[in-house]
Amino acid sequence: MTTTYKHWRLETDKEDNLLWLYFDKQNASVNTIDREVMMELSDIVAELAKDTQHKGVILASGKKTGFIAGADISQFTKFKDIPEAVALLETGQDILNRLESLKMPVVAMIDGFCLGGGLELALACRYRVAEESSKTRLGLPEVKLGIHPGWGGTVRLPRLIGGLQGLNLILTGSTVSGKAAAKLGFVDAAVPKRQLVRAAKYYALEHPAPHKATTLQALSNLQVPRQVIGHFMLKKLKEKINPVHYPAPFHALSNWEHVGVAGNEAYKQEAKSCGKLFFSETCHNLVRVFFLQEKLKALGKDINYTPRNIHVIGAGTMGGDIAAWCAARGFTVTLQDLDPKLIAPAITRASKMFKERLKEPNLVQRAMDNLIPDVKGNGISKADIIIEAVVEDLAIKQNIFKMIEAKAKPQAILATNTSSIPLDEINTVLQLPQRLVGIHFFNPVSKMQLVEVVKGQKTSDEVMDKAIAFVRKIDRLPLPVKSSPGFLVNRILMPYLLGSIDLMNEGIPMTVIDEDMVNFGMPMGPITLADTVGLDVCYSVAKYLSKYYNTPVPKKLVELVEQRKLGKKTGEGFYKYDKRGKQIKPTEASYDKPLDEISNRLVLLMLNEAFTCLREGVVANADLLDAGMIFGTGFAPFRGGPIHYAKTQGIAELYQQYVQQQLSQGDRGKTDAWQLNAECRVE
């Protein structure tokens, strides 16, 4: 065993007569699998097949950061045609099949993420042991990139734990902890980190019987049960996603239902199906979204900033949830409001969120210990970052920041969670206005990845950089934006929401409006979205933006707010909601006109505002705008973002449609808002 490899290390444990195979991808911070990595693995497998001296092989990561993150996604864009993609997938399947058939047992020792192709590699090993905590995540998330597993994952996982449980992981792309994976059965043992090596050696040396599906699980993979289960899962899948928009899960389900998991035909069908999906528009756009996400993640990575203490003022839904999220990420957080009674609901919500996300009692307790009620504001003087999250009222915010500046340490960052008020109006009361930055979260804080980091005219570059670094440290995606009314996301979203209310006033049923926008690809319709955000919040932002952009606030919105019908949180807004917060659908109204007329109109309103934001430099470029709308509003990811969508549909053609739309409505909007190509930086 003297061969030298670029990405792998094969070492001998003479004491136990074992081999250790370390995956340590050269010049990379994490392990990802590409063509070169697989070719080297092929040579190693051939070498191991000849080995008669050693008792077993333990496959481990040579990195401190996880096991294997999956395939190198940049390779997805390099296939010249479907046959080439299918051939590469079949080559990968062959390598893993040979690994699986080795006489010598191979144990995958998993610590940290084990995703996609990494899990497919682990599934080809005879045994799998994993670190038990929630930091170790295992799954096959390929559907989130518009494809499905292609190196045997759609065959091995259902074969190992049954069709129902295996497909549930494959079709959703969800990940599970090491402990949950062991409970499901595709990990043989989940142990604390200190026992991981010992567990791996036990399986490599003792050769216990490998895990097999239970009788019931094995039956689920037979033809008749597959048809029954397949019919049930297809129905559930269609309730959640549109096969036209997201074809990959439907392909995976169809392959399993018609071919099953036995014999070579299952692998062939998997490779053929996955190879085609690489060339779908959905895959192309979801890969684009992945790289947009990576671009946001890379912001602030070179900034050396390590805040420890966070003070949040305002224990309402936003402020309380911001404080809870920061506490869950390990920061010491003081939460201030006028009365303990106002802070108590935030602590209750935080406890619920910690239990749902952290799960492990010691982690939940640690997060609770990090979150400190602070009515008197004692935390201000100790805080590295102070975040204001009170009502959208300029005078109130200015009074708070005058108080903060007097008490805070000189180097502390002063941040506002305002959703629409320009920073250069708030900072007029500050002695050092360069300290103020916007850190604008979206609701719900624990689910929305995007955070707008807002730079006022006087915000210093240092404060801006530190704010971006902080957002990354709490595992959120920072979007740098220029301070202007509404910033980016709300600025683009508001014409869309107000336009949907205009459609209602024209007699189009709100259920029809919502249905058509969901059909377009939005996660929820605009009327439901307004109810979810809160009609008081929508009204506050709309009223504020109307001062700058001369856009009237719809009368219906004003009436509902005055009646305290604020949406989901009060049980009634445009829709009514039951005690669990579930929407009560009104009686279906008839509508006999083409639905896409609705989506065309509303999407064009968004595009008009998006192009205007680009022209004004609210964000640096079209990619950042697309990322902001995808991660801040859920704008149909499979379409690649609003500007990318406009480019694929034809900007000039869409612009003419927008002009005609405005003229047909009595020129209520500007028809010269779009500046094409160079001025909008979408060349």
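In this chain, numbering begins with 1 at the start of the sequence shown.
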(request) Please check if any side-chain donor atom of S483 sits under 3.5 Å from a side-chain acceptor atom of Q457, or the reverse. (result) no
(request) State whether the number of non-hydrogen atoms from other residues, nucleotides or ligands found under 6.0 Å of K301 atom NZ is greater than 12. (result) no
(request) Please report the shortest heavy-atom distance between C274 and I147, naming the atom on each side. (result) SG-CB, 4.1 Å
(request) Look at the aromatic rings of H148 and H251 and report parallel, tilted or perpendicular, splitting at 30° and 60°. (result) tilted
(message) For R601 and E506: C-alpha separation, side-chain torsions, deciding distance, then whether salt bridge (charged side-chain N to carboxylate O under 4.0 Å, His left out) applies.
(response) CA-CA 13 Å; R601 180 163 153 184; E506 293 171 19; 2.6 Å; yes
(message) Please determine whether a side-chain nitrogen of the Lys or Arg among K25 and D34 lies less than 4.0 Å from a carboxylate oxygen of the Asp or Glu.
(response) yes
(request) Search all heavy atoms of L602 against all heavy atoms of I513 and return the closest pair with its distance. (result) CD1-CG2, 4.0 Å
(message) Aromatic contact between F631 and F635, with the criterion being ring centroids under 6.0 Å apart: yes or no?
(response) no
(request) State, without any angle test, whether Y575 and D531 hold a side-chain donor-acceptor pair at a distance under 3.5 Å. (result) no
(message) Is the shortest side-chain heavy-atom distance between L604 and Q662 below 4.5 Å?
(response) no
(message) Looking at V445, is its backbone amide N or carbonyl O close enough to the side chain of W325 to form a donor-acceptor pair, meaning the two atoms are under 3.5 Å apart?
(response) no
(request) Run the salt-bridge test on E616 and R491 with the 4.0 Å N-O cut-off and return the result as yes or no. (result) yes
(request) Looking only at non-hydrogen atoms, find the nearest pair between P247 and V244 and report the distance. (result) CD-O, 4.2 Å
(request) Kindly confirm or rule out a cation-pi arrangement of R639 over F520, judged by NZ or CZ under 6.0 Å from the six-membered ring centre and within 45° of its axis? (result) yes
(request) Could you tell me whether a side-chain N or O of S540 sits under 3.5 Å from a main-chain N or O of D536, the two making a donor and an acceptor? (result) no
(request) Answer yes or no: is there a side-chain heavy-atom contact under 4.5 Å between T416 and I439? (result) no
(request) Look at the side chain of S273 and the backbone N and O of Q269, then say whether any donor-acceptor pair between them is shorter than 3.5 Å. (result) no
(message) Give me the atom names and distance for the closest heavy-atom approach of L115 to L138.
(response) CD2-C, 4.2 Å
(request) Would you confirm whether D514, through its side chain, and M524, through its main-chain N or O, come within 3.5 Å as a donor-acceptor pair? (result) no
(message) For the NE2 atom of H231 and the CG atom of L253, what is their distance to the nearest 0.5 Å?
(response) 11.5 Å
(message) Between T648 and H644, is there a side-chain donor-acceptor contact under 3.5 Å, judged purely by atom types and distance?
(response) no
(message) When you compare the side chains of D516 and S599, does any donor N or O come within less than 3.5 Å of an acceptor on the partner?
(response) yes
(message) Is the distance from the ring center of Y549 to that of Y544 below 6.0 Å?
(response) no
(message) Distance check, rounded to the nearest 0.5 Å: Y267 atom OH versus Q93 atom CD?
(response) 7.5 Å
(request) Under the salt bridge (charged side-chain N to carboxylate O under 4.0 Å, His left out) rule, collect the residues that match up with K297, sequence neighbours excluded. (result) E294
(message) Both conditions, 6.0 Å and 45 degrees, for the charged tip of K482 above the ring of F487: are they met here?
(response) no
(request) Tell me yes or no: between the side chains of K585 and Q583, is some donor less than 3.5 Å from an acceptor? (result) yes
(request) Any chance you could measure L89, atom CG, to I82, atom CD1, to the nearest 0.5 Å? (result) 11.5 Å
(request) Could you pull out all residues at least two apart from D465 that satisfy salt bridge (charged side-chain N to carboxylate O under 4.0 Å, His left out)? (result) none
(message) Tell me the closest heavy-atom pair linking V453 and M464, and the distance in Å.
(response) O-CE, 3.1 Å
(request) Could you tell me the separation between the CZ atom of R288 and the CG atom of L145, rounded to the nearest 0.5 Å? (result) 14.5 Å
(message) Once you measure the plane-to-plane angle for Y246 and F638, does it fall in the parallel (<30°), tilted (30-60°) or perpendicular (>60°) bin?
(response) perpendicular
(request) Mark yes when over 12 heavy atoms from residues, nucleotides or ligands other than N550 sit less than 6.0 Å from its CG; otherwise mark no. (result) no
(message) Tell me whether D321 contacts the main-chain N or O of S446 through its side chain, where contact means a donor paired with an acceptor under 3.5 Å.
(response) no
(request) Return yes if some donor-acceptor pair links the side-chain N/O of S664 with the main-chain N/O of Q661 below 3.5 Å, else return no. (result) yes
(request) For residues V437 and K455, determine if any side-chain heavy atom of one lies less than 4.5 Å from a side-chain heavy atom of the other. (result) no
(request) In sequence, state the C-alpha distance, the side-chain angles, and the governing distance for L277 and C283, and then conclude on side-chain contact (heavy atoms from CB on, under 4.5 Å). (result) CA-CA 7 Å; L277 287 168; C283 177; 5.5 Å; no
(request) Output yes when a side-chain donor or acceptor of D72 lies under 3.5 Å from a complementary backbone atom of T32, and no otherwise. (result) no
(request) Give, for atom CD of E90 and atom CD1 of I95, the distance between the pair rounded to the nearest 0.5 Å. (result) 12.5 Å
(message) Under the rule for salt bridge (charged side-chain N to carboxylate O under 4.0 Å, His left out), what residues qualify as partners of E265, not counting sequence neighbours?
(response) none
(message) Taking CZ in F232 as the centre, count heavy atoms belonging to other residues, nucleotides or ligands within less than 6.0 Å. Is the count above 12?
(response) no
(request) State yes or no: are the ring centers of F76 and F278 separated by less than 6.0 Å? (result) yes
(request) Please name the pair of heavy atoms, one in A610 and one in L625, separated by the smallest distance, quoted to 0.1 Å. (result) O-CD1, 3.4 Å
(request) Give, for atom CD1 of I68 and atom CZ of F113, the distance between the pair rounded to the nearest 0.5 Å. (result) 9.5 Å
(request) Could you tell me whether R476 and E452 make a salt bridge, using a distance below 4.0 angstrom between a side-chain N and a carboxylate O? (result) no
